[in-house]
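Reading through the structure tokens given below for one structure.
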Amino acid sequence: MVHVKARMERPDIYPLRAAVSDEQVPWSTAFADYKPPYFVADSVLEQDETKTKGGWADPEDVRLVTRNFESFSGRIALDAAGRPMNVRGRTGIAGRGLLGRWGPNFAADALVFKCDVKGGVQCLLIKRGDSGQWAFPGGMVDRDETADDAMTRELMEETGVQLDLSRAVTVYRGYCDDRRNTDNAWMETTAKALLLDDAKADLVRPKVTEEAVEIAWKTLVEMTETGMYGSHLAILEKACALL
Ligand code: BGC
């Protein structure tokens, strides 16, 4: 499936994306006039881990990156400058934008479900401060952290809910159609889902934190209607099929 948000949306500080039609997304399609603007945010440059202690970003010179670029989607091609090429294809912007890592930037998401009184299912969601969209609690996997640890930490930080997600069901691992993606840096996530029984659900008391504008239990219909951040609606569909 061709990415859409990664071509049609962008954070306010990004330059306009060069137009890329559905047909022009694959790198294998010739596109001689393709000249995407290059953009990397100052906030990323300031976090260069080779210059700033505790920084979360790669150096701007991609040749200084020593790790292998690895994606859940398989092999990553490099362009003539040695920059990883988005595994889903063109996005209309080169560089890293707001993302710290060249190539895949890994996140983890926690899908926490409970049954409501009408026999339906509800999911714990947060409203994101950056885009104002509803999303699963989640965030970036820090250095030396596992995806399980990251989703457990993010769930706690964003909703105040402490749950062991190590035995939750993995519903998705892969590319995310994220508005921050560029030709050379993109989001991939691991999403796990947990269905709480009634007794456990009664004990879970989410509270608004500094990390989320709002928190709510939403029905599946509400989630479909609200749109949801990034690939979260597609991830929800996978979770529903699996659970
Ligand atoms: C969010 C995740 C999301 C990922 C990819 C992260 O910043 O916290 O919820 O899955 O980006 O879109």
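In each ligand, atom 1 is the first atom listed, and ligand 1 is the first ligand listed. The analysis underlying the following values was restricted to heavy atoms, covering all of them including side chains, and did not include hydrogens, waters or symmetry mates.
- Remark: Arg7 engages Asp22 in a salt bridge, criterion side-chain N to carboxylate O under 4.0 Å.
- Checking Gln133 against Ser131 by side-chain atom types alone, a donor-acceptor pair falls below 3.5 Å.
- When the side-chain contact (heavy atoms from CB on, under 4.5 Å) test is applied to Gln122, the partners found at least two apart in sequence or on another chain are Lys114, Asp116, Trp217, Thr219.
- In this view, Arg67 and Asp58, Val65, Phe69, Arg101 satisfy the side-chain contact (heavy atoms from CB on, under 4.5 Å) rule, not counting sequence neighbours.
- Residues satisfying the ring-ring contact (aromatic ring centres under 6.0 Å, His included) criterion with Tyr34, sequence neighbours excluded, are Phe31.
- By the 4.0 Å N-to-carboxylate-O rule, Arg143 lies close enough to Glu49 to be salt-bridged with it.
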Does ligand 1 have any N/O pairs with the protein under 3.5 Å, and how far apart?
residue	atom	partner	partner atom	Å
ligand 1	7 (O)	Arg180	NH2	2.8
ligand 1	8 (O)	Arg128	NH1	3.2
ligand 1	8 (O)	Gly138	O	3.2
ligand 1	8 (O)	Gly139	N	3.4
ligand 1	9 (O)	Asp109	OD1	2.4
ligand 1	9 (O)	His232	NE2	3.2
ligand 1	10 (O)	Asp109	OD2	2.6
ligand 1	10 (O)	His232	NE2	2.9
ligand 1	11 (O)	Arg180	NH2	2.9
ligand 1	12 (O)	Asp178	OD2	2.6

